[in-house]
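Written below as structure tokens is the structure these notes are about.
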Amino acid sequence: NKYRESELKASMAAYNLLGNTAILLNRQRYGNPKLNKGELAPVLEMIQKRYMENIGVSDMAEYIGVSINKIASMFKKSYGITPSRFLVNTRLNFAEMFLRNMEYKTIKQISEMVGFSNSGYFIRVFKSKFGVTPEVYREMYTGVRDM
């Protein structure tokens with residue numbers, strides 16, 4: 001359906017904008033003013049663009065030419081969390097938006113869209129962050145149960 005495709009593309013563009021805004025807010029709120037945040041900017045952009053892919057800390061470190069230990073230290077100083085946790089949080093934030101706006105997608109489809117290869121794991125980490133399962137979350141906000 002052409003209308004659905006256009007709607008999806010517009011939604012993705014809006015989510016990318018929201019994601020970039022979230023990065024800026026995280027920097028402002030949690031960032032360490034002594035750390036040069038410009039060092040992590042390329043990694044943050046990579047995460048925003050490739051969160052749905054199978055990327056890891058080694059990919060992030062390689063992207064900016066530092067060791068895995070160095071990038072872990074940079075994230076810890078800037079955000080108080082590991083790069084892996086930052087990636088998972090990014091994926092969960094996108095999943096939250098998709099659950100609210102893509103009633104026609106199943107929980108499994110959304111988990112795959114945001115980069116989780118195991119929907120059971122996705123459900124567990126989603127519940128640990130938001131306090132409810134993705135299905136309950138969707139129903140709370142849209143009134144739609146998973147198919």
Side-chain angles (χ1 to χ4, degrees), residues 7-146:
E7 188 178 86
L8 180 60
K9 286 179 184 177
S11 292
M12 294 294 280
Y15 296 142
N16 279 329
L17 178 62
L18 288 171
N20 289 333
T21 303
I23 286 174
L24 293 173
L25 291 173
N26 278 339
R27 280 187 198 162
Q28 185 177 16
R29 186 171 181 193
Y30 301 113
N32 181 340
K34 295 178 183 167
L35 184 70
N36 179 2
K37 292 175 191 68
E39 291 177 301
L40 282 176
V43 176
L44 301 178
E45 185 176 332
M46 180 185 101
I47 290 170
Q48 283 303 121
K49 290 181 178 176
R50 296 179 49 201
Y51 66 90
M52 72 294 293
E53 297 175 21
N54 185 19
I55 58 174
V57 178
S58 60
D59 298 308
M60 295 177 207
E62 185 179 316
Y63 193 71
I64 59 170
V66 299
S67 71
I68 292 173
N69 289 338
K70 175 69 174 170
I71 199 163
S73 172
M74 293 165 72
F75 265 90
K76 195 73 167 168
K77 286 178 186 171
S78 290
Y79 301 106
I81 57 175
T82 66
S84 296
R85 175 52 49 193
F86 191 95
L87 175 61
V88 167
N89 285 343
T90 300
R91 288 174 170 164
L92 291 173
N93 291 337
F94 275 99
E96 176 191 21
M97 290 184 278
F98 294 159
L99 287 165
R100 286 183 179 200
N101 296 289
M102 295 181 176
E103 302 90 21
Y104 54 92
K105 295 283 188 186
T106 65
I107 302 300
K108 182 174 176 27
Q109 288 171 324
I110 287 177
S111 74
E112 291 169 354
M113 285 172 59
V114 299
F116 288 94
S117 58
N118 181 316
S119 59
Y121 176 68
F122 165 70
I123 291 167
R124 281 193 306 278
V125 295
F126 189 95
K127 185 175 181 180
S128 74
K129 180 173 182 177
F130 295 104
V132 294
T133 65
E135 186 172 1
V136 169
Y137 184 90
R138 171 183 271 167
E139 193 172 350
M140 286 170 34
Y141 286 95
T142 67
V144 175
R145 279 192 153 281
D146 197 26

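These values consider heavy atoms only, across backbone and side chains, with no hydrogens, waters or symmetry-generated copies.
- Contact between Ala95 and Val114 at its shortest, heavy atoms only, is N-CG1, 3.7 Å.
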* To do: Go through the steps for Val125 and Phe116 under the test side chain to side chain contact (heavy atoms under 4.5 Å, CB included), then give the verdict.
  => CA-CA 10 Å; Val125 295; Phe116 288 94; 3.8 Å; yes
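- Phe98 has its side chain out of reach of Lys105: every pair of non-hydrogen atoms, C-beta onward, lies at least 4.5 Å apart.
- Scanning for side-chain hydrogen bond (donor to acceptor under 3.5 Å, both in side chains) contacts around Lys76 gives an empty result, with sequence neighbours left out.
- Across all non-hydrogen atoms, the minimal contact from Asn54 to Asp59 is O-OD2, 4.1 Å.
- To the nearest 0.5 angstrom, Ile110 atom CD1 is 11.5 Å from Glu96 atom CD.
- Partner of Tyr51 under the side-chain contact (heavy atoms from CB on, under 4.5 Å) criterion, chosen from Thr90, Leu92, Asn93: Thr90.
- Rounded to the nearest 0.5 Å, atoms CG (Leu99) and CD (Glu139) are 12.0 Å apart.
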* Evaluate the criterion side chain to side chain contact (heavy atoms under 4.5 Å, CB included) for residue pair Phe75 and Val57; output intermediate values, then yes/no. => CA-CA 11 Å; Phe75 265 90; Val57 178; over 6 Å; no
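- Taking 4.5 Å as the limit, every side-chain heavy atom of Lys129 sits out of range of all side-chain heavy atoms of Val88.
- Residue-environment remark: CD (Glu53) exceeds the threshold of 12 foreign heavy atoms within 6.0 Å.
- Put simply, the side chain of Ile107 does not reach to within 4.5 Å of the side chain of Phe126, judged on heavy atoms.
- The two atoms that bring Gln109 and Tyr104 nearest to each other are OE1-O, 4.1 Å, heavy atoms only.
- For the atom pair CD1 of Ile68 and NZ of Lys70, the computed distance is 14.5 Å after rounding to the nearest 0.5 Å.
- Met60 is listed as a side-chain neighbour of Leu87, based on a closest heavy-atom distance under 4.5 Å.
- Listed here is the closest heavy atom pair of Pro42 and Tyr63: O-CE2, 3.3 Å.
- Minimum heavy-atom separation, Leu40 to Ser78: CD1-OG, 3.7 Å.
- In plain terms, the two heavy atoms of Glu103 and Arg100 that are nearest each other are OE2-O, 3.3 Å.
- Judged as a ring-ring contact (aromatic ring centres under 6.0 Å, His included), and not counting sequence neighbours, the contacts of Tyr141 are Tyr137.
- We find the OG-CD1 distance between Ser84 and Ile55 to be 10.0 Å, quoted to the nearest 0.5 Å.
- Note on residues 117-127: no pairs pass side chain to side chain donor-acceptor pair (under 3.5 Å), not counting sequence neighbours.
- A side-chain donor-acceptor contact under 3.5 Å links Arg138 to the backbone of Met102.
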